[in-house]
Amino acid sequence: MGLQQNSPALLDLSLSIVTPIYNEVDSIPQLLETISTTLTENQLTYEIICVDDGSQDGSTKLLTELAQKRTDLKAVILRRNYGQTAAMAAGFKYATGKVIVTLDGDLQNDPADIPLLLSKLNEGYDLVSGWRKNRQDDAVTRLLPSKIANWIIAKVTGVNLHDYGCSLKAYRLELVADMNLYGELHRFLPALAFIEGARITEIPVGHHARRYGKSKYGLGRTFRVVMDLLTVFFMKKFLTRPMHVFGMLGLVSGGLGLLVGIYLTILKFGFNEEIGDRPLLILVVVLLLTGLQLFSFGLLAELLMRTYHESQARPIYRVREVISGNSNK
């Protein structure tokens, strides 16, 4: 489904289509053809950035040859396989469009849905995420774990999307410029965007069964995803105030240690009871030391956050727009 060609808001946009590629040599020609056909029919200015993430099946050679022939294709060849997050970060770095659209290189995402994302983006959103409502994947190894993961991520991050794992997304360039990616954070881009104050929505998009090769994803990534989810949760809650979490835990631990210590002191000097062989004495020492350590971690985290923000001249706020009566004069 395409957009009406008389949509001026969309015609003014320049697009960067970012596609991570890893062993997709059979899919690349059809993928590029479908993208270029869809965007040309909608009279959109675009570039395609294919990031080869250390492919070993001939994808690197094919992309190199195609990039030398096509004016709309930019091939970014990574030295080895770094993972999808790194590939997307590389694509973002070399993107020049005002809007960045990401999609997988395996033909499961439908490039024909790109105009739908742009149309929704023009309603004032900063990020539009695809929702593979009728997903064509194995029910046991892909669909069920994905549904559970999406529910957990939505609850932890507070960003209620049906499908965090869908690569088909549209971003405004200024939003992507504020986000640093590492680990497995590509799947948490909506949550990271939410931290930056972005307006986020999702729309149903098409999804096709894999035509060539096999999926690179499996249950083995679960541990990495959980660790990154905890990282995103901490960033969302305490990025600019880590002392609030470490300091509070330190005060609770130290306070409990102090109370138990007072209790033991009363037993010792008030009732003349022996406390040297009581497990509570060890507990007091552990609680007090833990409280001191947590409080120290909080101070160190505060210093690190100040260095993080000040070294990059990174503000702790994001301005959407400035409205002034003087601008009309």
Side-chain angles (χ1 to χ4, degrees), residues 1 3 10 13 15-20 35 38-39 46 49 84-85 87-89 91-92 95 97-137 142-143 145-181 183-208 217 221 225 228-229 232-233 235-236 318 320:
M1 181 182 295
L3 292 175
L10 287 177
L13 290 176
L15 307 179
S16 292
I17 312 300
V18 174
T19 304
I35 292 175
T38 299
L39 300 184
Y46 70 94
I49 302 175
Q84 188 170 355
T85 297
M88 291 183 66
F92 291 163
K98 294 180 180 179
V99 171
I100 298 177
V101 176
T102 59
L103 76 162
D104 284 333
D106 55 12
L107 298 176
Q108 289 194 269
N109 294 139
D110 194 342
D113 288 321
I114 293 176
L116 298 179
L117 298 177
L118 300 180
S119 180
K120 197 68 177 178
L121 201 69
N122 275 335
E123 294 180 13
Y125 294 101
D126 301 300
L127 189 161
V128 180
S129 180
W131 170 20
R132 297 166 294 182
K133 196 170 184 179
N134 298 309
R135 187 173 173 180
Q136 305 299 311
D137 279 321
R142 299 295 301 279
L143 293 183
S146 178
K147 286 182 179 293
I148 296 174
N150 287 323
W151 182 83
I152 294 174
I153 294 172
K155 292 298 181 183
V156 171
T157 63
V159 183
N160 294 315
L161 298 180
H162 293 89
D163 191 358
Y164 270 84
C166 182
S167 295
L168 186 56
K169 294 180 173 69
Y171 311 80
R172 295 192 183 276
L173 178 62
E174 58 270 21
L175 174 63
V176 171
D178 286 331
M179 294 189 293
N180 296 319
L181 299 182
E184 296 279 340
L185 289 183
H186 68 275
R187 65 176 58 254
F188 300 113
L189 278 169
L192 296 177
F194 180 75
I195 293 173
E196 301 292 341
R199 295 172 179 169
I200 304 169
T201 190
E202 67 178 344
I203 60 173
V205 295
H207 190 249
H208 305 291
Y217 304 112
R221 298 184 309 159
V225 171
D228 283 329
L229 177 59
V232 171
F233 175 75
M235 292 174 62
K236 177 176 179 289
R318 294 292 180 270
R320 183 174 300 279

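One-based numbering along the sequence shown. These figures come from a predicted structure and were not determined experimentally.
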How close do [X] and [Y] get, heavy atom to heavy atom, and via which atoms?
X: M88; Y: Y171; result: CE-OH, 4.4 Å
X: I49; Y: A95; result: CD1-CA, 3.4 Å
X: D104; Y: S167; result: OD1-OG, 2.8 Å
X: P190; Y: I200; result: O-CD1, 3.1 Å

Is there side-chain contact between [X] and [Y], with heavy atoms separated by less than 4.5 Å?
X: L118; Y: V101; answer: yes
X: D163; Y: V205; answer: no
X: N150; Y: L161; answer: no
X: L173; Y: I100; answer: yes
X: Y164; Y: V159; answer: yes

Just how far is it from atom [atom1] of [X] to atom [atom2] of [Y], taken to the nearest 0.5 Å?
X: W131; Y: D113; atom1: CH2; atom2: CG; value: 14.0 Å
X: N109; Y: I35; atom1: CG; atom2: CD1; value: 9.5 Å
X: S119; Y: I114; atom1: OG; atom2: CD1; value: 13.5 Å

Give a yes or no answer on whether the side chain of [X] reaches the backbone of [Y] with a donor-acceptor pair at less than 3.5 Å.
X: Q108; Y: H208; answer: yes
X: R172; Y: L121; answer: yes
X: Q84; Y: H186; answer: no

TODO: Not counting sequence neighbours, which residues clear side-chain hydrogen bond (donor to acceptor under 3.5 Å, both in side chains) with T102? List them please.
DONE: none
